[in-house]
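Values reported hereafter were calculated over all heavy atoms of this structure, with side chains retained and with hydrogens, waters and symmetry mates removed. Throughout, a chain's letter reflects where its sequence line sits, starting with A, and its residues are numbered from 1.
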Amino acid sequence: MIKVVNLTKKFGDFVAVDDISFEVDKGEVFAFLGPNGAGKTTTIKMLTTLLKPTSGAILINSIDPLTNQAKARKAFGITFQDQSLDDELTAWENMEFHGVLYGVPKKLRRERIEELMKIVELWDRQKSLVKEFSGGMKRRLEIARGLIHHPAIIFLDEPTLGLDPQTRNHIWDYIKSLNEKESITVFFTTHYMPEAEKMASRIAIIDHGKIVAQGSAQELEQKTSTSNLEDAFLALTGKDIRVQEVSGTDRMRQNRRIWRR
Amino acid sequence: MNAIYILWIRQLKRYSRSKARMISSLAQPLMFLLALGFGFGPIFEKAGQGSYIEFLGPGIVAMAVIFTAIFSGMEVIWDRQFGFLKETLVAPVSRLNIMIGRTMGGATVASIQGVVVFVLAMIVGFRPYSAGMLGIAFLFIILTAVVFTALGTAIASKMEDMQVFPIIMNFIVMPLFFLSGAIFPLKSLPAGVQFAARFNPLVYGVDGLRGALVGASDFGIMNDFIILILIAGVFMAIGAWLFSKIEI
Ligand SMILES: Nc1ncnc2c1ncn2[C@@H]1O[C@H](COP(=O)(O)OP(=O)(O)O)[C@@H](O)[C@H]1O
Ligand SMILES: [Mg+2]
């Protein structure tokens, strides 16, 4: 479903993604686990036509997104790490915009919008402008929006960062059911270890732009002779990822970046 | 088709919710109308050029249209900064349709502003020469709006942040405006400048509008119409191409 061969991205001299290769099968839930700045978002951007690789090859649903962008875009849906809502529209209007843009037929669209907004507990706020929402509410809306059109592949970039455990579970239950019922392939990034361990059938650990190991959580533990994923991660990268789990700081940083410009 | 529609609706909603923007973008044309109309009017008329308000009316309408249009086009930069641009870029929609949808949205907003300023000009004393030609005048408002929204959108697709906005305004929009025949006739300018003005798209918007509202045009309404359509097509195609090159 996803095939990546020797993918590299340089920003000037800096190598953000360094010669990575991996494959994700149809119906799989695949996690990219790595600390901040590891190259997770850059990889997702290349997979989703937002960024041109410096070198390497990509296949998405057997389509090359570099030469056939239009067709590749039909194959996936994405929830970005940083904000991507229209603040001046209401929650419902943001959902409707997405559904129409992706050509979901009206009846189905309205059904899914209602279902999804109920799941993320925003249905009673559907008429509120997004600019009145808190960071967590915006995040929930973005995830819901990314699920309106059921594509072959869903990309989720740090989907549940900064959400409370209960919402996190609701959202994952829904994604899991989509994954099982419609065998939608899920590719997500996280630096939240339990999320990778619980949700993903396979994990790639990425650090400094390189994939240092990949396999199921058990395989990674066996490989490093450890008994849990956190220790395996420490053994592979020399880093304790828990230090980085300061929750919503990423999004705060992003908001600050907007205002500083 | 649906994608064009939803992009169009989105911009109308944003516009209708921003009263401040609506009013502030009327302030400038109104100021020009009053200051120039009452300030220069007597001089213009003494020089035997006829009624200045009749000359100025279509020019100020064109001004409202071009300023709003460029600004609407440049909303792409906001979308980039607030992250929303990504949402449209990854969608399975052709870049041409994105460009058309955005341009139609911005052009509708600019056309509304143009009509409001036309009404203001009527209040100040402007009178169109023929009620039957008002439809044609409206057509020129729309065409001018499309051309400059497309131009604004195309430029903005290359820009990272709003800091360039004043530069675009001062070095592109203002010169285009002053050399468009909107506030003074181009005929009295040196031949070289008159020739250069022929490459200014706004010249044809102003000329067509004046033809429809006052019954006096330099190039002929039909020529203005054809030229504006062609420019709109070219700007739209360039914009679509630039959109396909955006990386985030
Ligand atoms: N547009 C860019 N220009 C320069 N450097 C960038 C750009 N985007 C990302 N980087 C750098 O590439 C590295 C990887 O970033 P990113 O993919 O966002 O990491 P992650 O998502 O794993 O936290 C970081 O060091 C980041 O600063
Ligand atoms: Mg990231």
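- Distance check, rounded to the nearest 0.5 Å: CD1 of B:Ile246 to CG of A:Leu50 gives 10.0 Å.
- Both the backbone and the side chain of B:Thr88 come within contact range of chain A, with heavy atoms under 4.5 Å apart.
- When all heavy atoms are compared, the tightest approach of A:Tyr102 to B:Ala91 is OH-CA, 3.5 Å.
- For A:Lys45, the part lying under 4.5 angstrom from a heavy atom of chain B is the side chain only.
- Contacts with chain A were tallied for B:Leu89, B:Val93, B:Ile6; B:Ile6 has the most, counting heavy-atom pairs under 4.5 Å.
- In this structure, no portion of B:Leu85 lies under 4.5 Å from any heavy atom of chain A.
- At a 4.5 Å heavy-atom cutoff, the contact between A:His98 and chain B is made by backbone and side-chain atoms alike.
- In this structure, A:Leu101 and B:Ala3 approach most closely via the heavy-atom pair CD1-CB, 3.9 Å.
- For chain B, the nearby part of A:Leu85 is the backbone; its heavy atoms alone come within less than 4.5 Å.
- Residues A:Ile78 and B:Lys86 fail the side-chain proximity criterion, which asks for heavy atoms closer than 4.5 Å.
- Annotation for A:Phe22: atom CZ counts as buried by contact number, over 12 foreign heavy atoms lying within 6.0 Å.
- Taking the side chain as every heavy atom from C-beta outward, A:Gln83 and B:Phe84 never approach each other to under 4.5 Å.
- In this structure the side chain of B:Glu87 never reaches within 4.5 angstrom of the side chain of A:Asn94, judged on heavy atoms.
- Atom CH2 of B:Trp78 sits in a sparse spot, with 12 or fewer heavy atoms from other residues, nucleotides or ligands closer than 6.0 Å.
- B:Ile9 is not listed as a side-chain neighbour of A:Phe97, based on a closest heavy-atom distance of 4.5 Å or more.
- When heavy atoms are compared at a cutoff of 4.5 Å, A:Lys52 approaches chain B by way of both its backbone and its side chain.
- By the 4.5 Å heavy-atom criterion applied to side chains, A:Glu88 and B:Arg10 are not counted as neighbours.
- Here the shortest heavy-atom pairing between A:Lys74 and B:Pro92 reads CG-CB, 3.6 Å.
- Considering every non-hydrogen atom in both A:Thr90 and B:Arg17, the closest pair reads N-NH1, 4.0 Å.
- Residue B:Ser94 holds its OG atom at 12.0 Å from CD of A:Gln69, rounded to the nearest 0.5 Å.
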Next item on the list: Tell me, with the steps shown, if A:Asp86 and B:Phe82 meet side chain to side chain contact (heavy atoms under 4.5 Å, CB included).
Entry: CA-CA 8 Å; A:Asp86 187 338; B:Phe82 285 92; over 6 Å; no
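- Ranking A:Gly146, A:Ser84, A:Ala72, A:Gly103 against chain B, the residue ahead of the rest is A:Ser84, based on heavy-atom pairs under 4.5 Å.
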